[in-house]
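As structure tokens, the structure follows; a few thoughts come after it.
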Amino acid sequence: MEIDKAIRDCDDRRLQTKYNNATYVIQRALALYSIEEVSFSFNGGKDSTVLLHLLRAGYFLHKKGQNNANGDLKDFPIRTIYFESPSAFPEINSFTYDTAATYGLQIDTICSDFKSGLETLLKNNPIRAIFLGVRIGDPTAVGQEQFSPSSPGWPAFMRVNPILDWSYRDVWAFLLTCKVNYCSLYDQGYTSIGSIYDTVPNSLLSISNSSNKFKPAYLLTDGRLERAGRAKRSSSSTCGHLPADSNGLNNLESHKNSMRTASIIAVGDEILFGIVEDQLGPFLCRKLHSIGWSVFQVSVVHNNIDSVAEEVERQKSKSDMVFIYGGVGPLHSDVTLAGIAKAFGVRLAPDEEFEEYLRHIIGDQCTGDRNEMAQLPEGITELWHHDKLSVPLIKCENVVILSATNVMELGKQWDCWIELAKSGDLLLLLEPYVSKHVTTNLSDVEVAQPLSKLCLEFPDIYIGCYRKTRYGSLTVSFKGKDQARLESAIKALHKKFQPGAFHEVN
Ligand SMILES: Cc1cc2nc3c(=O)[nH]c(=O)nc-3n(C[C@H](O)[C@H](O)[C@H](O)COP(=O)(O)O)c2cc1C
Ligand SMILES: Nc1ncnc2c1ncn2[C@@H]1O[C@H](COP(=O)(O)OP(=O)(O)OP(=O)(O)O)[C@@H](O)[C@H]1O
Ligand SMILES: [Mg+2]
């Protein structure tokens, strides 16, 4: 069978794994349902063209298991449905019918909308499962698995999605490796095809010196932009770019004095066992204070998905930003991303762009069917690139994931993060805090009451006390954003005691 042979003969291990998994899903479906009970939803698009050939191969492998495969071009008895629409591109229509003729597809053309068309089809036929070329990243893929029952309100059938986890690049690797025909629009710069009213060539493929010439679809390097030629229905995805306004605020001036809070979560059994000391938390506290943020809480949790998820869920609603570190990587204990995904109620999905970065660092070891490290929380992740970082910073809504393992690495990531936030016009830098400290040899009992009063007089100033030893001097710290108010508070303190009772320290 020519598809099976082309994949086995190629040296693309990733493609082979994707192929094996997809044909396995198909064979499972063919084992579960009889041939009359399955159907293939084909529309001449690139994804359904991939699926057609995978189904042909899957059917061949299924029959081979029963010792009666012939692998002929036209040996394909799976009923095929095509929802024909007057707004489809003529190229799509003709490709669909040409392909049907080449491979002997028994096409049922349906001219009504998907839902009522399926209702009629299922009423008159024993169909229980339908193969679809839906992939993660398609707007309709959210929440779907390889086997997903149809949605409530739809006629009852099983949606089978053998290429759900395929990336844009996987699709093109397959079509080019197998040297199969695809719709000619893809060679004219179309990267995803809807109707004639909502689809244009992808401008990222335009040839610079020619206004209406485009490179072929397989040359699009960033697969996440595959739908750039489709009219936008919503602006839900911000993946990959800096959001101008991710917290609903982008006017630096008007928020200079506003209050922003951060929470810090360290993930590490070793910290809780007392084997290692967390130095990143205090470092982040200092950095956040230096940009005028106040830290709401620092917590340490176990390397356990539920512990991470619970803490992230709590902190993400309490603080403007949550910083989390530890537990990021490919080891069994690296569960931070999974915990974050759980906290947001989404799943981990392969991210092609992130995988590319990882491949640069650790070579081809990271490719394969389940590249754990390249899986990121689906639909909520932004990658923040900086020339000085080999791997982009990851941000899931208001949760920033830091991969640093020591203070030096964290310092670098922090500087890049600040630079990116500045250029992205994201509100981040506030009026920094100023602080002053005074010490006294008076006892706690002597200072307690006047200090309480001072706190009431200066509610805008943080007034705290600490000692380094139980019997040594007491330090009183003043922290705020207004230098003059800070000075007034210290003056007021001096007035409440004998002259010379307090000394300023640096
Ligand atoms: C065979 C088939 C089954 C579908 N089943 C469902 C379904 O169960 N639930 C649903 O919300 N949409 C279903 N749809 C609709 C698709 O999710 C989606 O709305 C449709 O493919 C239009 O995509 P487009 O807007 O990108 O063109 C189905 C579509 C087809 C062709
Ligand atoms: N008009 C249609 N008739 C039959 N099946 C359809 C139709 N529209 C969508 N589908 C099914 O939904 C799947 C996903 O559609 P989608 O438009 O995302 O992919 P595609 O058309 O194959 O490729 P592209 O993303 O390049 O348009 C298709 O692969 C096909 O299985
Ligand atoms: Mg399409």
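Just so you know, these numbers use all the heavy atoms, side chains as well, and skip hydrogens, waters and symmetry mates. Here the structure is a predicted model, which means the values were calculated and not measured. Every number for a ligand or one of its atoms is a count from 1 in the order of the listing.
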Pull out every atom of ligand 2 sitting under 4.0 Å from any heavy atom of [X], numbered as shown with elements.
X	answer
Thr191	26 (O)
Ile81	4 (C)
Gly45	20 (P), 21 (O), 22 (O), 23 (O)
Lys46	22 (O), 23 (O), 24 (P), 25 (O), 26 (O)

Practice item. Report yes if Gly133 has an N/O atom closer than 3.5 Å to an N/O atom of ligand 2; otherwise report no. Key: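 So ligand 2 has an N or O lying under 3.5 Å from an N or O of Gly133.
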
Heteroatom proximity flag, Tyr82 to ligand 2, N/O under 3.5 Å:
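No, Tyr82 has no N/O under 3.5 Å of an N/O on ligand 2.
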
With a cut-off of under 6.0 Å to the ring centre and 45° to the axis, is Lys316 in cation-pi contact with Phe344?
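Yes - Lys316 lies over the ring of Phe344, closer than 6.0 Å to its centre and within 45° of its axis.
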
Arg135 to Trp166, cation-pi by 6.0 Å centre distance and 45° axis angle
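Verdict for Trp166: no cation-pi partner in Arg135.
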
Hey, does the side chain of [X] reach the backbone of [Y] with a donor-acceptor pair shorter than 3.5 angstrom?
X	Y	result
Ser206	Asn202	no
His302	Asn304	no
Ser39	Thr80	no

Region of [X] that comes within reach of ligand 1 [heavy atoms, distance under 4.0 Å]:
X	value
Lys115	neither
Phe157	side chain
Leu132	side chain

Min side-chain heavy-atom separation Trp384-Trp417 under 4.5 Å |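 Side-chain contact under 4.5 Å: yes.
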
As an exercise, identify every atom of ligand 1 less than 4.0 angstrom from a heavy atom of [X].
X	value
Ser41	1 (C), 31 (C)
Thr140	16 (C), 17 (O), 18 (C), 19 (O)
Ser150	8 (O)

Checklist entry - Hey, is ligand 1 close enough to Ser151 that some N/O pair sits below 3.5 Å? => result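 Yes.
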
Nearest heavy atom to [atom]: which of [options] does it belong to?
atom	options	result
atom 6 (C) of ligand 2	Ser85, Ala217, Gly44, Ser41	Ser41
atom 9 (C) of ligand 2	Thr49, Asn43, Thr96, Asn161	Asn43
atom 22 (O) of ligand 2	Ser48, Ser195, Gly194	Ser48
atom 21 (O) of ligand 1	Phe83, Phe114, Phe42	Phe114
atom 3 (N) of ligand 2	Tyr186, Tyr168, Phe83, Tyr182	Phe83

Quiz item: How would you list, by chain and number, every residue that makes a side chain to side chain contact (heavy atoms under 4.5 Å, CB included) with Phe114, sequence neighbours excluded?
Solution: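 Checked Phe114 against side chain to side chain contact (heavy atoms under 4.5 Å, CB included); matches are Phe83, Trp154.
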
Note to self: So, 4.0 Å and heavy atoms of Phe114: is ligand 2 close enough to count as a contact?
What the structure shows: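 Phe114 counts as a contact of ligand 2 under the 4.0 Å cut-off.
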
Does at least one non-hydrogen atom of Ile81 fall below 4.0 angstrom from an atom of ligand 1?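 No, Ile81 has no heavy atom closer than 4.0 Å to ligand 1.
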
Is the distance between the ring centroids of Phe89 and Phe95 under 6.0 Å?
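Ring centres of Phe95 and Phe89 not closer than 6.0 Å.
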
Is it the case that the ring center of Tyr182 lies less than 6.0 angstrom away from the ring center of Trp172?
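Here the rings of Tyr182 and Trp172 have centres that are less than 6.0 Å from each other.
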
Original post:
Charged N to carboxylate O below 4.0 Å: is that the case for Glu226 and Lys46?
Top reply: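 Salt bridge flag = yes for Lys46 with Glu226.
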
Practice prompt. Decide, yes or no, whether a salt bridge links Arg56 with Glu2 under the criterion of side-chain N to carboxylate O below 4.0 Å.
Written response: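 Yes, Arg56 and Glu2 are salt-bridged.
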
- Among Glu419, Lys412, Gln413, which one satisfies side-chain hydrogen bond (donor to acceptor under 3.5 Å, both in side chains) with His386?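 Going through the options one by one, the only one that passes is Glu419.
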
